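Single-structure report; data block below.
Model, not experiment: these values are computed from the prediction. Residue indices begin at 1 and follow the sequence shown.
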Amino acid sequence: MTTKDAQRRSSGDTVQTVADAGASSAAAPQRIKALAGAVRPGARVRPEHARRHNRALVLQALYRADGLSRADLAREVGLTRVTISDLVSDFIEEDLVIELGLRPDARPGKPATLLDINREGFAIVGLDLSNYSVFRGVVTDLDGSIVERAEVAVRDMTGEEAVGAVFTLLDDLVSRASAPIVGIGIGSPGIVDLDGTVVSAPNLGWTDVPLQQLVAERYELPTQVANDANMAAQGERSFGGASTDMMLVRIGRGVGSGVVVGGHLVYGSSFAAGEIGHVVVGTDGGDECACGKAGCLETWLASPRLEAAAKADETAREATLREAGERLGISLAPVVAALNLGEVVLAGPHNLLAGPLLEGTSETLRSRTMAELHGDLTLRMTALGRDIVVLGAVVMVLTGQLGVS
Ligand SMILES: [Zn+2]
């Protein structure tokens with residue numbers, strides 16, 4: 001995804017509603033052969049995996065380009081023309097690749113047909129379960145352009161009832177998709193293991209809920225469930241132009257983060273990497289936290305506290321937001337230094353975060369780390385707005401099913 005695409009997306013003008021969406025495609029045959037795992041160019045490949053690997057390389061090259069010929073592809077991915085032609089024939093049969101026509105500047109006798117991924121020919125469903133009052137969902141095309149939106153109210157819903165709300169939302173979105181669905185991605189709050197089981201999400205009353213399995217079985221579609229902040233980090237990487245070593249901090253009712261090192265998400269020993277909300281910041285006390293400790297990062301940054309500050313007079317407002325930013329900077333400095341991160345991106349209410357809070361974080365982060373790190377360090381707001389989690393869920397599906405991102 002190009003930066004231009006990200007800007008287009010963030011401005012919201014790609015959002016459209018397809019009023020006459022066709023019949024459900026849930027039962028459409030799965031024409032796409034799954035390609036688990038992302039592609040690492042240059043990685044050693046065992047023979048039995050070579051074809052799968054080559055498929056992903058070709059799709060990735062097409063996904064990032066504006067149209068390539070078979071010869072371009074052979075050059076770009078380092079495979080023979082024969083191999084490329086074979087793979088492309090399969091893709092065309094699967095409807096996953098389309099021919100765009102001849103290259104405009106083609107010379108006589110040297111026609112080159114341009115190819116592209118069938119970006120509008122397939123759909124992906126993405127959900128964000130992290131908001132306390134609504135579950136949000138979208139249907140996108142393979143470019144991540146949103147073609148359908150839906151939400152369901154979930155205030156005070158927990159346990160089975162909350163799982164039921166996920167199904168209600170998915171029933172709606174799956175029935176509205178007008179193209180075959182490649183897969184479903186879901187960003188859930190709490191701790192989520194690599195099998196997509198929600199190990200613990202206190203706000204939803206979920207403990208060991210095998211959400212990925214439940215959804216995959218009900219809809220017979222490839223499904224990926226992951227922590228919401230991790231999804232957001234994926235979204236920022238693919239659609240927000242973030243660097244390969246970055247941290248995405250989500251601030252809302254709670255505080256969580258997704259950490260990407262060397263282009264890969266970090267999960268940690270118990271799948272809780274990035275859970276910085278209940279780390280005590282400083283040794284000078286602070287407000288009591290719901291977890292029983294005092295002065296957790298969440299007590300400084302949770303949106304109710306910030307919203308209350310926003311209503312105060314200008315001086316008090318600025319002081320509270322700056323102090324919240326400083327506490328965030330204190331907690332991020334050792335992480336940024338230890339991992340040599342190049343970018344920290346904040347996601348959450350723009351009116352509260354972009355201003356004294358962001359400045360306070362930036363100044364504190366710089367004053368507490370080595371100057372040698374600062375040249376490459378960027379601290380900024382996301383441009384993806386509130387769609388960051390659903391777009392990250394879409395990226396998870398693209399990567400998991402097609403090997404592209
Ligand atoms: Zn706490």
Side-chain angles (χ1 to χ4, degrees), residues 1 5-6 8-9 14-18 21-38 56 59-60 62-64 91 94-98 116-129 135-151 166-167 169-188 196 211-212 215-216 218-226 228 230-240 384 386-405:
M1 200 68 33
D5 285 331
R8 194 159 51 89
R9 181 163 291 101
T14 57
V15 177
Q16 45 181 294
T17 306
V18 180
S24 164
S25 54
Q30 278 304 111
R31 282 173 289 178
I32 299 174
K33 292 169 193 160
L35 272 167
L59 288 180
Q60 177 70 20
L62 287 171
Y63 191 69
R64 285 285 170 183
F91 284 140
E94 293 164 44
D95 206 23
L96 192 51
V97 166
I98 51 174
D116 194 11
I117 285 203
N118 187 2
R119 296 171 193 269
E120 293 174 3
F122 292 89
I124 296 174
V125 177
L127 300 193
D128 175 3
L129 312 183
F135 287 168
R136 291 200 184 96
V138 298
V139 179
T140 72
D141 62 16
L142 295 189
D143 261 343
S145 295
I146 294 168
V147 292
E148 293 282 351
R149 284 181 185 277
E151 57 182 52
V166 173
F167 292 158
L169 184 55
L170 282 173
D171 287 350
D172 184 14
L173 289 167
V174 166
S175 73
R176 284 204 264 156
S178 55
I181 297 172
V182 176
I184 297 171
I186 303 176
S188 167
L211 191 62
Q212 182 170 303
V215 170
R218 181 180 164 100
Y219 297 95
E220 296 183 339
L221 284 169
T223 302
Q224 279 176 283
V225 179
D228 60 320
N230 284 348
M231 287 294 197
Q234 295 274 45
E236 193 65 35
R237 275 278 292 137
S238 279
F239 296 134
L384 300 179
R386 71 174 202 183
D387 287 330
I388 190 167
V389 174
V390 291
L391 288 176
V394 166
V395 173
M396 286 288 253
V397 173
L398 277 170
T399 305
Q401 295 309 306
L402 304 180
V404 302
S405 62

request  = Not counting sequence neighbours, which residues clear side chain to side chain contact (heavy atoms under 4.5 Å, CB included) with Glu236? List them please.
outcome  = Ala242, Met246, Leu248, Val345, Arg380, Thr382, Leu384, Ile388

query = Does any N or O in the side chain of Arg119 come within less than 3.5 Å of the main-chain N or O of Gly144, such that one atom is a donor and the other an acceptor?
reply = no

message = Is there a side-chain contact between Leu211 and Leu129 in this structure, where contact means two heavy atoms from C-beta onward sitting under 4.5 Å apart?
response = yes

ask   = When rounded to the nearest 0.5 angstrom, what distance separates CZ in Phe91 from CD1 in Ile98?
value = 14.0 Å

query = Atom CG in Leu170, atom OH in Tyr219: separation rounded to 0.5 Å?
reply = 4.5 Å

Nearest non-hydrogen partners of Val166 and Val215, listed with the distance = CG1-CG2, 4.5 Å

message = Here's a test for you: under side-chain contact (heavy atoms from CB on, under 4.5 Å), which of Leu402, Val138, Ile181, Leu142 qualifies with Ile124?
response = Leu142

ask   = Of all heavy-atom pairs between Asp143 and Tyr63, which one has the smallest distance, and what is that distance?
value = CA-OH, 3.8 Å

key: Reported CZ-to-CZ distance for the pair Phe135 and Phe167, which is rounded to 0.5 angstrom   = 11.5 Å

key: Those residues that, when tested against Glu120, pass salt bridge (charged side-chain N to carboxylate O under 4.0 Å, His left out) (two or more places apart)   = none

request  = Look up atom CZ in Arg136 and atom CG in Leu173, then write down how far apart they are to the nearest 0.5 Å.
outcome  = 13.0 Å

query = If you look at every heavy atom in Gly126 and Ala393, which pair is closest and at what distance?
reply = CA-CB, 4.1 Å

ask   = Who passes side-chain hydrogen bond (donor to acceptor under 3.5 Å, both in side chains) against Asp172, sequence neighbours left out?
value = Arg176

task = Determine the minimum heavy-atom distance between Gly121 and Pro180, stating which atoms define it.
result = O-CD, 3.4 Å

inquiry  = Ignoring hydrogens, what is the shortest heavy-atom contact between Ser188 and Val225? Give both atom names and the distance.
reply    = CB-CG1, 4.3 Å

task = Please report the shortest heavy-atom distance between Ala123 and Val139, naming the atom on each side.
result = CB-CG1, 3.8 Å

ask   = Between Asp116, Leu62, Asn118, which is the residue that forms a side-chain contact (heavy atoms from CB on, under 4.5 Å) with Val97?
value = Leu62

message = Rounded at 0.5 Å granularity, tell me how far CE in Met396 sits from OG1 in Thr223.
response = 12.0 Å

task = Look up atom CG in Asp387 and atom CD1 in Ile146, then write down how far apart they are to the nearest 0.5 Å.
result = 4.0 Å

query = How would you list, by chain and number, every residue that makes a side-chain hydrogen bond (donor to acceptor under 3.5 Å, both in side chains) with Asp128, sequence neighbours excluded?
reply = Ser130

note = Those residues at least two apart in sequence (or on a different chain) that pass salt bridge (charged side-chain N to carboxylate O under 4.0 Å, His left out) with Arg218 are Asp171

ask   = Counting distance only, does the side-chain N/O of Thr399 pair as donor-acceptor with the main-chain N or O of Val404 below 3.5 Å?
value = yes

